[in-house]
Amino acid sequence: VLAALFTASTIDLAIEKFANIEEILFMPVFMVQKLEVFLFCLMIATLRNRLDIINGYITKFLEEKDDIVSIFTLEYKDGIKTMNMIGRPSDSNMKIRDLALMYDSIGSLCSMINDNFNFQIFMTLVSTFCYIVITIWTSLYYYKTPEYNSDALISVIIWCVCTLVMVAAMCIVCERLLSMRNSTKILVNQLIMDYSLPKTMRVQAKAFMELIEAW
């Protein structure tokens, strides 16, 4: 995405006959903003992958809880290594609590990312709205102008598309993280509703659910 935005910005400068000094100086600022968005998306995607690992552990446990297995059992199925990290149900099994602590760390990191990128997200949304309004106004202005020049209109459209791509990228990664969190909530709820599990494990699952509601 970052490479596509850089290419689009370069094309924008190339199609103009004369690139003024303001546009040349603004390019590094523009690329820094795009780099910040790229880092935000990368961090959120990393948190989603970590949450996916937790979901995989819970799913594996739900599939094999009725089998006699040891803790940290590795199996190979269709060439893919899977792990039963939770192990067999027992009153002394505290692995669900450990997964809850992992989730708490993910929630803390997500909160820190949100605090650090709040202003950047706000400015991205404001700039996107401004570019859309400017694009509509510029289109109407040049359409009514006798000396129609498409270069300026194309330039504004390119910058507008770049900001829209940034917003779309942030929305997609955040929505995927939210979807993964909902999957975690469903899996933990299955643990709570499974009355065949020991009481201590169900209590851990209830505490895990409260943690999910908090984050």
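Values in this document were obtained by computation on a predicted structure and should not be read as measured data.
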(Q) Which residues pass the side chain to side chain contact (heavy atoms under 4.5 Å, CB included) test with M102, not counting sequence neighbours? (A) I54, L99
Q: Let me see the working for C174 and F40 under side-chain contact (heavy atoms from CB on, under 4.5 Å), right down to the final yes or no.
A: CA-CA 10 Å; C174 292; F40 171 80; 3.8 Å; yes
Q: Report the residues that fulfil side chain to side chain contact (heavy atoms under 4.5 Å, CB included) with S111, sequence neighbours left out, ordered by chain and then residue number.
A: D115, W215
Q. Does C110 have any side chain to side chain contact (heavy atoms under 4.5 Å, CB included) partners at least two apart in sequence or in another chain, and if so, which?
A. L47, L177
Q.
Tell me the closest heavy-atom pair linking A100 and L211, and the distance in Å.
A. O-CD2, 3.0 Å
Q | For F119, the rest of its hydrophobic cluster, which grows through side-chain links under 4.5 angstrom | A | F122, M123, V126
**Q.** Straight-line distance of L101 CG to I106 CD1, nearest 0.5 Å
**A.** 11.5 Å
(Q) Let me confirm one number: the CG-OG1 distance from L51 to T46, rounded to the nearest 0.5 Å. (A) 12.5 Å
Q | Heavy-atom closest contact (F117 atom, M43 atom, distance) | A | CE1-SD, 3.9 Å
Q: Work out which heavy atom in D91 is nearest to a heavy atom in P198; give both atom names and the distance.
A: OD1-CB, 3.1 Å
Q: Taking all non-hydrogen atoms of both residues into account, name the closest pair between R202 and L191 and its distance.
A: CG-O, 3.9 Å
(Q) Applying salt bridge (Lys or Arg N to Asp or Glu O under 4.0 Å) as the test, list every pair that has at least one member in residues 41-56; sequence neighbours left out. (A) none
Q.
Let's go through Y103 and V188 carefully: what are the C-alpha distance in whole Å and the side-chain angles of both, what is the deciding distance for side-chain contact (heavy atoms from CB on, under 4.5 Å) to 0.1 Å, and is it a yes or a no?
A. CA-CA 12 Å; Y103 183 89; V188 174; over 6 Å; no
Q) Any link between I186 and L178 through a network of hydrophobic side chains (Ile, Leu, Val, Met, Phe, Trp, Tyr) touching at under 4.5 Å? A) no
Q. Between V37 and L125, is there a shared hydrophobic cluster once you connect ILVMFWY residues whose side-chain heavy atoms come closer than 4.5 Å?
A. yes
Q.
Looking at every non-hydrogen atom in both residues, tell me the closest pair between M201 and P89 and how far apart they are.
A. SD-CA, 3.6 Å
Q.
Tell me whether M94 shares a hydrophobic cluster with M209, the cluster being built from Ile, Leu, Val, Met, Phe, Trp, Tyr side chains joined at under 4.5 Å.
A. no
Q. With a 4.5 Å heavy-atom cut-off, do F208 and L187 have their side chains touching?
A. no
Q) According to a 4.5 Å side-chain heavy-atom criterion applied to Ile, Leu, Val, Met, Phe, Trp and Tyr, with indirect links allowed, do I212 and I53 form part of one hydrophobic cluster? A) yes
Q) Given the rule in the side-chain contact (heavy atoms from CB on, under 4.5 Å) test, do D194 and L197 qualify, once you have shown the distances and angles that lead to the verdict? A) CA-CA 6 Å; D194 190 350; L197 294 177; 3.9 Å; yes
**Q.** Backbone N/O of I86 and side chain of N93: donor-acceptor pair under 3.5 Å
**A.** yes
Q) What pairs meet the side chain to side chain donor-acceptor pair (under 3.5 Å) rule with one or both residues in residues 173-193, with sequence neighbours excluded? A) N55-T184, K185-E213
